[in-house]
Amino acid sequence: MPELPEVETIARGLEQRIAGDIIESVWIGDKPQPLKSPAAEIANVLEHSRIEHVRRVGKHIVFDLEREPRLAWKNATRTRDTIASSRAQWIVHLGMTGQLLIGPSDAPILKHTHAIVKLASGRELRFVDYRRFGRLAVSRLGAEKDTGFGAPGLEPLETDLDHFIPLFNQRKTPIKSALLNQKLLSGVGNIYADESLFRAKVRPRRRASSLTRAEFQKLHKGLQQVLREAIKAGGSSINDYVNAEGREGFFQLKHYVYGREGKPCRVCKTPIKRVIIAGRSSHYCPHCQK
DNA sequence: ACTATTTCCTGGATGC
DNA sequence: TGCATCCAGGAAATAG
């Protein structure tokens, strides 16, 4: 399940491989689920645009697009206004199982392929997502309405302790749930919430407001450390996750608690426990975490 | 204003 | 072997 480190890895891979390429045409499947913008609008914005950059925002992959005026003029349906506002963004959320794959145009089309973007280099960028929790959207810069991002939280790696603590210290909800709330922090999912709580020696059920300043300090540091280490390892591959090259990350080998129910704690050998908090599996060491 | 629960979706695992 | 049921979870929608 792609969280911040996995999405960062994918975005970096895409930036390396397709930045500068031009989108020639777009096909979007008829399954309506994965769209946050109308299919025609997505195609309209993407076609004849140059991909300037690919980057990560929270768990979103953002393609910064610049319309190619000469190419756009060839299309008789486009108006002068459309061409004038030439900057836009394509925003992809991978959900649970979404993949963005680059390959030759004659590669076999995988089941659950929902979008195909034809590039001027001859390659295709394909969006494949068998569980359809992923979402596609476009946003024209300067537009009032924000299609891509609801109310994005702070970037965990760019938030210092003094901004981190006030996000949580008034909340009665379990600290685990608060870490998953994308309106507070953007990019933390189930794996890195559990792993950061282990590093902070705090149990996931603790009310966010009950943490001491020292515990917040350890959580802040532990979260930043685990995210940085996971990015270095290319993310965690649990089920389907692969990067833009189709290769797996290996941070799952470094997990202390996530996916280790019943296995001995790497620190104290106590069996790792799994409980459900707000409908989410939560893993912790009952001895190390208070 | 918050918090908790339900819903969407598929396929692998599990149970009888 | 086959068929039904459960489970994984991000985040929007709904309920309290």
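Every chain is numbered from 1 and lettered A, B, ... according to where its sequence line falls, protein lines coming before strand lines. Note that the structure is predicted; figures quoted are calculated from it, not measured. Both backbone and side-chain heavy atoms feed into the values below; hydrogens, waters and symmetry mates do not.
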Tell me the interatomic distance from [X], atom [atom1], to [N], atom [atom2], rounded to whole angstroms.
X: A:Gln99; N: C:dG10; atom1: CD; atom2: C1'; value: 16 Å
X: A:Leu179; N: C:dA11; atom1: CG; atom2: P; value: 14 Å
X: A:Leu94; N: C:dG9; atom1: CG; atom2: C1'; value: 14 Å
X: A:Lys176; N: C:dA11; atom1: NZ; atom2: P; value: 14 Å
X: A:Glu6; N: C:dG9; atom1: CD; atom2: P; value: 13 Å
X: A:Asn181; N: C:dG10; atom1: CG; atom2: P; value: 13 Å
X: A:Met96; N: B:dG11; atom1: CE; atom2: C1'; value: 12 Å
X: A:Leu185; N: C:dA11; atom1: CG; atom2: C1'; value: 16 Å

Identify all side-chain donor-acceptor contacts of residues 225-232 of chain A below 3.5 Å with residues at least two apart in sequence or on another chain.
from: A:Glu229; atom 1: OE1; to: A:Arg199; atom 2: NH1; distance (Å): 3.4
from: A:Glu229; atom 1: OE1; to: A:Arg199; atom 2: NH2; distance (Å): 3.0
from: A:Glu229; atom 1: OE2; to: A:Arg199; atom 2: NH1; distance (Å): 3.3

What's the closest nucleotide to the side chain of [X] if the choices are [options]?
X: A:Phe133; options: B:dG11, B:dC9, B:dT7; value: B:dC9
X: A:Tyr258; options: C:dA11, B:dG11, C:dA8; value: C:dA8
X: A:Lys59; options: B:dG11, C:dA8, C:dA11; value: C:dA11

Nucleotide N/O of nucleotides 2-5 of chain B paired with protein N/O under 3.5 Å:
from: B:dT3; atom 1: OP1; to: A:Lys172; atom 2: N; distance (Å): 3.0
from: B:dT3; atom 1: OP2; to: A:Arg171; atom 2: NH1; distance (Å): 2.8
from: B:dA4; atom 1: OP2; to: A:Thr173; atom 2: OG1; distance (Å): 2.8

* Do you know which two heavy atoms are closest between A:His114 and A:Asp129, and how far apart they sit? -> NE2-O, 2.9 Å
Would you please confirm or rule out a distance under 4.0 Å between OP1 or OP2 of [N] and any side-chain N or O of [X]?
X: A:Thr97; N: B:dT10; answer: no
X: A:His93; N: C:dG10; answer: no
X: A:His112; N: B:dG11; answer: yes

* If you link ILVMFWY side chains whenever their heavy atoms are less than 4.5 Å apart, which other residues fall into the same cluster as A:Ile276? By chain and number, please. => none
* Could you tell me whether the side chain of A:Arg280 has a donor or acceptor atom within less than 3.5 Å of a complementary atom in the base of C:dG10? => yes
* **Quiz item: A:Arg131 side-chain donor-acceptor pair to B:dG11 base, under 3.5 Å** => no
Looking at [Y] and [X], is any side-chain nitrogen of the basic one under 4.0 Å from a carboxylate oxygen of the acidic one?
X: A:Arg56; Y: A:Glu155; result: yes
X: A:Arg123; Y: A:Asp21; result: yes
X: A:Lys59; Y: A:Glu6; result: no

* Asked: Heavy-atom distance under 4.5 Å between the side chains of A:Leu65 and A:Ile51, does that happen here?
  -> yes
